Amino acid sequence: GGKDVEDLQASIKGMTATGDVIISRQTDQVTATAEKVEYLKANETMVMTGSPDFKRGRSRIEGSILTIELKNNTVSGEDIKADLVSGENR
């Protein structure tokens, strides 16, 4: 029932996905891909490795590691190459 789902959600501290990982959020045209994504619930952060690529609209960010902070809606990383389109939300 619903209580079991709530208990499960409360016990999850994070998740890891590997392979051809694709994350999308249609509300703001976000698509992110990587070979590995680790989600840390405590600080609502996703760490992407393995050719990570983050797109929002026509803007794009690539790097060796990308970190997405979901609370702040920010992207940071290492060895970043960015193609940002003026006027789009960042």
Side-chain angles (χ1 to χ4, degrees):
K3 180 80 170 111
D4 294 336
V5 171
E6 289 175 15
D7 290 345
L8 177 62
Q9 288 175 339
S11 69
I12 294 174
K13 294 182 179 20
M15 289 189 257
T16 301
T18 58
D20 293 327
V21 182
I22 301 171
I23 298 166
S24 69
R25 187 171 62 194
Q26 297 303 315
T27 55
D28 53 359
Q29 297 180 313
V30 167
T31 302
T33 60
E35 292 174 19
K36 182 177 180 181
V37 177
E38 295 179 87
Y39 171 70
L40 307 169
K41 184 177 178 182
N43 56 2
E44 293 188 39
T45 300
M46 289 191 303
V47 178
M48 304 172 62
T49 55
S51 303
D53 186 15
F54 177 90
K55 297 175 191 165
R56 176 181 288 139
R58 295 175 303 170
S59 296
R60 179 177 188 173
I61 301 172
E62 302 173 42
S64 59
I65 299 172
L66 293 181
T67 302
I68 302 171
E69 295 182 37
L70 300 172
K71 283 183 181 179
N72 304 330
N73 203 26
T74 60
V75 179
S76 60
E78 297 178 18
D79 304 317
I80 288 182
K81 181 173 81 172
D83 182 16
L84 304 176
V85 176
S86 180
E88 290 190 357
N89 289 337
R90 298 188 185 140

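Keep in mind it's a predicted model, so treat the numbers as computed, not measured. Numbering of residues begins at 1 and proceeds along the displayed sequence.
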Taking every heavy atom of Met48 against every heavy atom of Thr33, the minimum-distance pair comes out as CE-O, 3.3 Å

So OG of Ser86 and CZ of Arg58: to nearest 0.5 Å the spacing works out to 9.5 Å

Report task. May I ask you to decide if Gly57's main-chain N or O and Ser59's side chain share a donor-acceptor pair within less than 3.5 Å? Result -> no

To the nearest 0.5 Å, atom OG1 of Thr49 lies from atom CD of Glu78 at 11.0 Å

Residues at least two apart in sequence or cross-chain that pass side-chain hydrogen bond (donor to acceptor under 3.5 Å, both in side chains) with Asp20, listed by chain then number, are none

Close side-chain approach of Thr45 to Leu70, heavy-atom, < 4.5 Å: no

Taking C-beta and beyond as the side chain, do Ile23 and Val37 meet within less than 4.5 Å on heavy atoms? yes

* Asked: Are the side chains of Val30 and Lys55 in touch, meaning some heavy atoms are under 4.5 Å apart?
  -> no

Could you check whether any side-chain heavy atom of Tyr39 comes within less than 4.5 Å of a side-chain heavy atom of Glu44, counting everything from C-beta outward? yes

Closest heavy-atom pair, Ser64 versus Pro52, reported as atoms and distance to 0.1 Å, is O-CD, 3.7 Å

- Task: Taking the side chain as every heavy atom from C-beta outward, state whether Asp53 and Arg60 have any atom pair closer than 4.5 Å.
- Result: yes

| message | Hydrophobic clustering (ILVMFWY, side-chain heavy atoms < 4.5 Å, transitive) - are Ile65 and Ile80 grouped together? | response | no

Looking only at heavy atoms, the pair that brings Ile61 and Leu66 closest together is O-CD1, 3.6 Å

ILVMFWY cluster, Val21 and Leu40 together (side-chain gap under 4.5 Å)
no

All heavy atoms of Arg56 vs all of Asp28, minimum pair found to be CG-O, 3.4 Å

Shortest non-hydrogen pair, Lys41 vs Ile12, comes out as CD-O, 3.0 Å

Here the gap from Asp79 atom CG to Glu62 atom CD, rounded to the nearest 0.5 Å, amounts to 11.5 Å

